[in-house]
Amino acid sequence: MSGNPTPPVQLGEPLPHPKPAAECDVCRALVHERQVAEAQGNLSKVSDVNIELRNHPKHAGQR
């Protein structure tokens with residue numbers, strides 16, 4: 001290979017798990033899904049569920 005090498009990727013600290021909206025059945029189901037994924041070691045699924053929680057309409061203004 002020739003040319004300039006690409007610098008290494010710098011990752012920051014992971015974001016904390018989003019909190020579920022109070023009294024929201026969808027949020028409770030997503031939190032359960034996240035817990036199962038964590039127990040199975042499926043960190044990709046954990047990340048997907050966290051994104052879904054952050055984008056859930058009940059979280060408007062909680063970001």
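In plain terms, the two heavy atoms of C27 and A21 that are nearest each other are SG-N, 3.4 Å. L30 and V49 make their closest contact through O-CG1, 3.2 Å (heavy atoms, listed as atom of the first residue, atom of the second, distance).
Under the 4.5 Å side-chain criterion, counting only non-hydrogen atoms from C-beta, H56 is not in contact with P18. Residues S47 and I51 have side chains in contact (heavy-atom distance under 4.5 Å, counting atoms from C-beta outward). The shortest side-chain heavy-atom distance between V36 and N42 does not fall under the 4.5 Å cut-off.
To the nearest 0.5 Å, atom CZ of residue R54 and atom NZ of residue K19 are 11.0 Å apart.
Every residue two or more places apart in sequence or in another chain that forms a side chain to side chain contact (heavy atoms under 4.5 Å, CB included) with H17 is listed here: R34, E38, V46, N50.
Counting Ile, Leu, Val, Met, Phe, Trp and Tyr side chains that sit under 4.5 Å apart, directly or through other members, L11 shares a hydrophobic cluster with V9.
Residue pairs meeting the salt bridge (charged side-chain N to carboxylate O under 4.0 Å, His left out) criterion with at least one partner in residues 4-18, sequence neighbours excluded, are absent. Pairs of residues two or more places apart, or lying in two chains, that qualify as salt bridge (charged side-chain N to carboxylate O under 4.0 Å, His left out) and include a residue from residues 40-51 are E33-K45.
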